[in-house]
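What follows is one structure encoded as structure tokens, with my remarks underneath.
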Protein chains: 4
Amino acid sequence: MSTRSAREAALTDAVMTIVAEHGLERVSVREVAGAAGVSIGTVQHYFPTKEQMLAAAYTEAVDRIRARVEALPLGSDAGRNLRSVLRQLLPLDESRRAESRVYLAFAAAAATSASLSEIQQATLTELHTALTDAFGRATGEAWPPSRCRLAAHAVIALVDGLALHAVTTGGWIDTAQLTDAVDLVLDGLLVDTAATPSATA
Amino acid sequence: MSTRSAREAALTDAVMTIVAEHGLERVSVREVAGAAGVSIGTVQHYFPTKEQMLAAAYTEAVDRIRARVEALPLGSDAGRNLRSVLRQLLPLDESRRAESRVYLAFAAAAATSASLSEIQQATLTELHTALTDAFGRATGEAWPPSRCRLAAHAVIALVDGLALHAVTTGGWIDTAQLTDAVDLVLDGLLVDTAATPSATA
Amino acid sequence: MSTRSAREAALTDAVMTIVAEHGLERVSVREVAGAAGVSIGTVQHYFPTKEQMLAAAYTEAVDRIRARVEALPLGSDAGRNLRSVLRQLLPLDESRRAESRVYLAFAAAAATSASLSEIQQATLTELHTALTDAFGRATGEAWPPSRCRLAAHAVIALVDGLALHAVTTGGWIDTAQLTDAVDLVLDGLLVDTAATPSATA
Amino acid sequence: MSTRSAREAALTDAVMTIVAEHGLERVSVREVAGAAGVSIGTVQHYFPTKEQMLAAAYTEAVDRIRARVEALPLGSDAGRNLRSVLRQLLPLDESRRAESRVYLAFAAAAATSASLSEIQQATLTELHTALTDAFGRATGEAWPPSRCRLAAHAVIALVDGLALHAVTTGGWIDTAQLTDAVDLVLDGLLVDTAATPSATA
DNA sequence: CATGAATGAGCATTCATTCAT
DNA sequence: TATGAATGAATGCTCATTCAT
């Protein structure tokens with residue numbers, strides 16, 4: 001429960017909204033205070049430095065994505081489960097498009113911020129572990145662990161890259177192409193296993 | 001060609017260096033003037049607004065990558081050519097790591113800047129066209145154009161996603177994993193064609 | 001005496017330490033709370049306003065100097081007593097150097113603060129009265145009171161000025177020069193009296 | 001001759017006025033800009049940091065005092081010259097009272113600022129040298145140089161201490177006492193020489 | 001072609017203080 | 001008695017930009 005501050009949640013919310021709509025460079029203490037309807041001093045009562053505020057917002061954004069993925073109903077078909085997880089990470093509707101914009105902005109900032117880079121690495125590691133397992137199950141443990149890990153690296157990069165393209169261009173790639181591209185790669189990876197081939201290919 | 005270009009090139013160079021080392025948010029007219037060893041007024045003589053300066057630097061960064069790709073010696077093996085082009089886009093050494101940092105910073109900024117988004121879209125379109133052709137050749141024209149386009153989307157996303165991961169974390173993914181991941185996906189995509197399977201897999 | 005005084009003393013102590021080490025401008029409620037190891041609210045429980053806190057610290061600083069002067073063992077030689085009192089006010093060792101830094105910082109602040117100016121004036125008046133008496137005794141009451149008062153003014157100014165020089169420069173004037181300068185002036189003032197001339201001149 | 005910025009002079013003037021009237025802690029970039037009638041940006045164009053601005057103002061304040069002392073008409077009576085120089089350093093009228101407030105504020109700040117301490121030390125050194133010479137002449141070279149130096153230390157401390165007392169209290173010491181105290185000490189110092197005794201003693 | 005003076009909006013941050021508990 | 005949430009004004013400073021030269 002940790003009623004641990006509704007205010008704090010409102011602040012990270014405000015940060016995410018601003019990032020999604022105007023980018024990280026538009027995030028300022030003033031802007032956040034205004035968006036959350038509190039005073040400047042209050043923002044800095046909860047987050048003494050801007051870096052801490054951004055780190056909290058990044059963590060919250062990632063937590064949200066994780067919560068959505070974990071809420072996914074999984075079936076007995078491991079290959080299908082894998083597919084639905086990856087699809088969940090694509091910016092297929094407006095809410096996930098906003099999520100991707102936020103994720104991408106923070107990820108890019110991680111290139112020059114130690115605190116954000118730490119979060120980014122932890123996030124990727126967790127997702128990578130889960131997907132490595134998923135590949136193991138989807139291939140009936142026929143693959144050596146190293147190949148599972150490599151495939152996990154590849155598909156995370158794939159969905160992150162697709163999200164990057166979708167978010168940084170205006171409609172250059174549409175939602176059908178996003179899912180089809182994932183299916184195409186997944187079919188190729190799993191073609192020589194007992195996994196059910198995609199029906200969309 | 002003109003003498004004017006020399007100064008201008010020095011300025012875009014300075015921008016790229018700053019972006020690679022400290023990120024886009026560190027780019028300021030002052031910083032660029034200092035790095036290029038010219039006055040603050042001179043910078044603004046060539047680039048009246050910061051946005052124009054950034055657009056020029058982004059264009060230059062992309063041109064550099066293109067020049068490197070076009071300079072690649074291509075052989076008769078279309079699958080191998082495809083592989084070497086993609087490998088060229090990965091941050092496999094320090095100079096390409098810097099390039100990726102620059103590309104990524106600008107791409108992320110494109111999410112909220114119309115002028116940068118335009119450049120990003122043009123860049124992706126050009127690369128996509130080239131890779132679509134490459135897939136056509138690599139599969140002996142056995143694939144329908146739509147499948148070639150989809151595969152092109154996928155592999156560009158893959159390398160951009162891999163670059164994203166490499167650049168935004170400190171050594172979370174190493175250079176061998178980068179090339180292996182590309183090979184793994186490429187092998188999967190081309191497995192049912194006459195294309196030569198990767199020797200490194 | 002009361003248990004309340006313990007905390008309060010710890011707070012004025014903290015203020016004096018900060019002033020001695022970093023100057024008055026570094027004194028903030030936060031800093032004092034941190035240095036004293038109490039909460040920020042506690043500081044303001046004892047000292048509702050910063051001005052009250054500073055006034056209390058100034059008073060405490062002055063009290064400490066007075067206590068040290070009053071603890072001096074006085075002999076029958078009035079001239080020698082005078083000399084030893086003045087010497088006690090010079091920054092001759094590290095602890096008195098800190099004391100002088102604190103005194104000086106507050107004294108300078110008194111130029112623009114009514115409450116501090118009041119304390120400063122009371123302090124000077126008390127010291128001036130004591131030294132006027134001392135001159136009376138040292139000269140065997142041969143001087144008119146007005147001359148004693150003037151001499152008292154002069155020697156207080158002398159030691160305060162010497163302290164000012166010592167504290168505001170790094171080693172520009174050393175401890176020997178401080179005491180010698182006081183002796184020189186004192187010898188000059190007392191030369192035509194029965195007072196014992198300084199042995200150090 | 002170095003029209004080197006009337007603006008700059010106006011800015012240091014503004015700083016000195018604010019310091020004289022409200023103390024150093026009231027000096028802010030905004031306040032100075034307002035007092036000088038220029039924009040905030042202009043202030044920081046001339047003085048990139050506050051510390052540089054304060055250092056410039058301190059230097060200017062000291063230069064002004066020096067100019068006034070150097071403009072003093074000196075006669076053949078070395079003792080009288082010495083007296084008139086010291087008198088010039090006392091806050092005997094409103095303009096010199098302002099000067100003293102400024103000098104004292106900066107001197108106190110020098111206790112915790114390296115850049116101000118440097119200026120303070122240079123100022124004292126220059127004055128000390130001049131007064132050491134003056135004592136040499138006033139005593140007909142009868143004193144050893146070390147005694148002249150000591151006497152110079154003493155009288156500078158005396159006038160600085162008197163200024164401190166005058167400035168930090170409201171009328172606790174009046175102008176007559178200031179000059180009389182200097183005369184008293186000077187008479188004492190010069191009593192055993194051929195120097196003319198003060199007529200005011 | 002190149003400079004640098006001047007501007008004012010904006011930044012993150014620190015601050016003393018009030019108030020409910 | 002002691003706490004810390006909340007506030008908003010103020011701080012020094014950086015910024016992109018305009019303009020006269």
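Order of the sequence lines fixes the chain letters, A, B, ..., with proteins taken first and strands second; residue numbering starts at 1 for each chain.
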Problem - Donor-acceptor under 3.5 Å (D:S113 side chain, D:A109 main chain) - result: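 No: the side chain of D:S113 does not pair with the backbone of D:A109.
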Practice task
Using only side-chain N and O atoms of B:Y46, determine if any of them is under 4.0 Å from OP1 or OP2 of E:dC1.
Solution key: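 Checking B:Y46 against E:dC1: no side-chain N or O falls below 4.0 Å of OP1 or OP2.
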Practice task
Report yes or no: do D:Q52 and D:Y46 form a side-chain donor-acceptor pair below 3.5 Å?
Solution key: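 No donor-acceptor contact under 3.5 Å links the two side chains.
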Practice task
Can you tell me the pairing partner of E:dA5 across any strand shown, Watson-Crick or G-U wobble, with both distances under 3.5 angstrom?
Solution key: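 Pair assignment: E:dA5 / F:dT18.
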Handout entry: Residue whose closest nucleotide on DNA chain E lies nearer the 5' end, D:V38 versus C:M53
Key =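 Here D:V38 is the residue nearer the 5' end.
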Practice task
For A:F47 and for D:V43, find the nucleotide of DNA chain E with the closest heavy atom, then tell me which residue's nucleotide is more 5'.
Solution key: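 Its nearest nucleotide lies further toward 5', so the answer is D:V43.
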Rounded off to whole Å, could you give me the [atom1]-to-[atom2] distance for the [X] and [N] pair?
| X | N | atom1 | atom2 | result |
| --- | --- | --- | --- | --- |
| A:E51 | E:dC11 | CD | P | 18 Å |
| B:H45 | F:dT17 | NE2 | C1' | 16 Å |
| B:I40 | E:dA6 | CD1 | P | 14 Å |
| C:Q52 | E:dA16 | CD | P | 14 Å |

Exercise for the section: State, to 0.1 Å, how close C:E8 and C:F47 come at their nearest heavy-atom pair, and which atoms those are. Expected result: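 Between these two residues, the closest heavy atoms are CG-CZ, 3.5 Å.
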Handout entry: Whichever of D:G41 and B:Q44 has its nearest DNA chain F nucleotide further upstream toward 5'
Key =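 First, find each residue's nearest nucleotide; the 5'-ward one identifies D:G41.
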Practice task
Check DNA chain F against residues 18-31 of chain B and give the residues with a non-hydrogen atom under 4.0 Å, in numerical order.
Solution key: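 Within residues 18-31 of chain B, the residues near DNA chain F are B:V27, B:S28, B:V29, B:R30.
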Problem - Selection from F:dG4, E:dA5, F:dT11 that lies nearest to any side-chain heavy atom of D:K50 - result: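 Nearest listed nucleotide: F:dT11.
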Handout entry: Working for side chain to side chain contact (heavy atoms under 4.5 Å, CB included), residues A:L104 and A:T168
Key = CA-CA 9 Å; A:L104 205 86; A:T168 61; 3.9 Å; yes
Handout entry: Heavy atoms of other groups near D:E60 CD, more than 12 under 6.0 Å
Key =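 Yes.
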Practice task
Answer yes when B:R64 and B:E99 have at least one side-chain N-carboxylate O distance shorter than 4.0 Å, and no when they do not.
Solution key: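 Salt bridge: no.
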